[in-house]
Asker: 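Here you go, one structure.
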Amino acid sequence: MTTAWAVIAAATFCWLGMVLAISFLEAPLKFRAPGVTVPIGLGIGRLVFRALNIAELVLAATILVAILVDSPGTAATRALTVAMVAFAVQVVAVRPRLTRRSDAVLAGIDAPRSHSHHAYIALEVGKVVALLVGGILVFAHSVP
C-alpha cells in the first residue's frame, strides 16, 4: 500500500464513521431526549451538520488530492467520486431547502415537513455505501 492509498483509506473510513455517527445516530436520537423541542433540535442539528459538512469537505479534498497523486484504481476512484458527488448535491441542492424550512421553524412559523429531508437521507445512504465500497476497494487494490 502506497502512502497515498493509506491516506485515501484513512480519510475514507474517517469520513464514513463521521457520517454514520452523526446522520444515523446523533440526528435521530437528539429528538428523543427529554426537553428537546423541534426548534431546539433543529438549532443543534444546524450546528452539528455545519461542522460535519466542513469536516466532510476537508476529507473529500484530502481524498481527491491523494487520488491525483496515486490513484488506487478505477473502481475505487469511481466509488469515492460517487461519495463526493453525493456530498456536493447535498450541500448545493438539498441543504439550502432544509435551511429555509429550519429558518421558518426557528422563526416560529408552523412550516410543513420538508420532503427534501428524504432526499438528504437517500443521498446519505448512497454516500455511506460509496465510501464503504471505495474504502474496501482501496484495500483490495493494495493486495498483491
Side-chain angles (χ1 to χ4, degrees), residues 3-142:
T3 301
W5 295 356
V7 168
I8 293 166
T12 298
F13 286 114
C14 182
W15 187 2
L16 175 62
M18 292 178 78
V19 169
L20 289 172
I22 298 299
S23 292
F24 298 103
L25 197 62
E26 182 275 341
L29 288 178
K30 80 172 155 261
F31 288 101
R32 294 184 180 161
V36 175
T37 63
V38 171
I40 289 172
L42 288 175
I44 293 168
R46 287 173 80 156
L47 293 173
V48 170
F49 274 91
R50 186 175 301 127
L52 174 63
N53 289 162
I54 291 167
E56 287 183 286
L57 180 61
V58 170
L59 291 166
T62 300
I63 292 167
L64 182 59
V65 168
I67 286 172
L68 293 173
V69 168
D70 187 8
S71 173
T74 305
T77 300
R78 283 185 182 159
L80 295 170
T81 300
V82 167
M84 290 183 237
V85 168
F87 169 63
V89 171
Q90 284 177 309
V91 171
V92 173
V94 182
R95 192 156 176 233
R97 287 186 246 160
L98 294 172
T99 299
R100 282 192 295 277
R101 180 188 181 267
S102 63
D103 284 344
V105 171
L106 292 171
I109 299 168
D110 187 24
R113 290 190 58 88
S114 172
H115 295 294
S116 297
H117 191 251
H118 298 293
Y120 196 92
I121 293 169
L123 287 163
E124 205 74 327
V125 169
K127 186 169 59 179
V128 162
V129 170
L131 288 168
L132 182 61
V133 169
I136 290 169
L137 288 172
V138 170
F139 278 110
H141 188 72
S142 68

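Worth knowing before you read on, the calculation uses all heavy atoms, side chains too, and leaves out hydrogens, waters and symmetry mates.
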Asker: What heavy-atom pair brings Lys30 and Gly45 nearest, and what distance separates the two atoms?
Answerer: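 In terms of heavy atoms, the two residues are closest at NZ-CA, 3.5 Å.
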Asker: Thr99: what forms a side chain to side chain donor-acceptor pair (under 3.5 Å) with it, not counting sequence neighbours?
Answerer: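 By the side chain to side chain donor-acceptor pair (under 3.5 Å) rule, Thr99 matches no residue at all.
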Asker: Looking at every non-hydrogen atom in both residues, tell me the closest pair between Ala66 and Val7 and how far apart they are.
Answerer: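 Result for this residue pair: CB-CG1, 4.1 Å.
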Asker: Which atom pair, heavy atoms only, marks the closest approach of Thr77 to Thr81?
Answerer: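 Smallest heavy-atom distance, with atoms named: O-OG1, 2.7 Å.
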Asker: Can you name the nearest heavy-atom pair linking Phe49 to Ser23, along with the distance?
Answerer: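 Phe49 and Ser23 have their closest heavy atoms at CE2-OG, 3.5 Å.
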Asker: Under a 3.5 Å distance rule, please check whether Trp5 uses its side chain to pair with a backbone N or O of Ser71 as donor and acceptor.
Answerer: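 Yes.
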Asker: What distance do Leu80 atom CG and Thr12 atom OG1 have between them, rounded to the nearest 0.5 Å?
Answerer: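 Leu80 atom CG to Thr12 atom OG1 measures 4.5 Å (nearest 0.5 Å).
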Asker: Just verifying a value: how many Å separate Ile136 CD1 and Leu131 CG, rounded to the nearest 0.5 Å?
Answerer: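 It is 11.0 Å, given to the nearest 0.5 Å.
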Asker: Scan residues 78-92 for pairs that pass salt bridge (charged side-chain N to carboxylate O under 4.0 Å, His left out), counting only residues two or more places apart or in two chains.
Answerer: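 Sorted result for residues 78-92: empty, none.
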Asker: Provide the closest heavy-atom pair for Ala76 versus Gly134 in the form atom of the first, atom of the second, distance.
Answerer: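 Closest heavy-atom pair between Ala76 and Gly134: CB-O, 4.0 Å.
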Asker: Going by side-chain contact (heavy atoms from CB on, under 4.5 Å), name the residues that satisfy it together with His117, two or more places apart in sequence or in a different chain.
Answerer: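 Leu98, Ile121.
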Asker: Can you list everything that forms a side chain to side chain donor-acceptor pair (under 3.5 Å) with Thr62? Sequence neighbours excluded, please.
Answerer: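 Expected list: none.
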Asker: Are Leu20 and Leu25 packed together at the side-chain level, in the sense that at least one heavy-atom pair is separated by less than 4.5 angstrom?
Answerer: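 A side-chain contact under 4.5 Å is absent here.
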Asker: Can you run down the salt bridge (charged side-chain N to carboxylate O under 4.0 Å, His left out) pairs that involve residues 62-72, sequence neighbours left out, and say none if there aren't any?
Answerer: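 Residue pairs passing salt bridge (charged side-chain N to carboxylate O under 4.0 Å, His left out), neighbours aside: none found.
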Asker: Any chance you could measure Leu59, atom CG, to Leu52, atom CG, to the nearest 0.5 Å?
Answerer: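 Rounded to the nearest 0.5 Å, the CG-CG separation comes to 9.0 Å.
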Asker: Which value, rounded to the nearest 0.5 Å, describes the distance between Phe13 atom CZ and Met18 atom CE?
Answerer: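 Taking CZ in Phe13 and CE in Met18, the distance rounds to 15.5 Å.
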Asker: Can you find a heavy atom in the side chain of Asn53 that is under 4.5 Å from one in the side chain of Gln90?
Answerer: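 They are not in contact (no side-chain heavy atoms under 4.5 Å apart), so the answer is no.
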Asker: Among residues two or more places apart or on two chains, list those pairs meeting salt bridge (charged side-chain N to carboxylate O under 4.0 Å, His left out) that have a residue in residues 84-106.
Answerer: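 Sorted pair list: Arg46-Asp103.
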Asker: Rounded to the nearest 0.5 Å, what separates atom CG in Leu42 from atom CG in Leu106?
Answerer: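 Between Leu42 CG and Leu106 CG, I get 5.5 Å after rounding to 0.5 Å.
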Asker: What pair of heavy atoms forms the shortest contact from Ser116 to Val94, and how long is it?
Answerer: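 Shortest heavy-atom contact: O-CG1, 3.3 Å.
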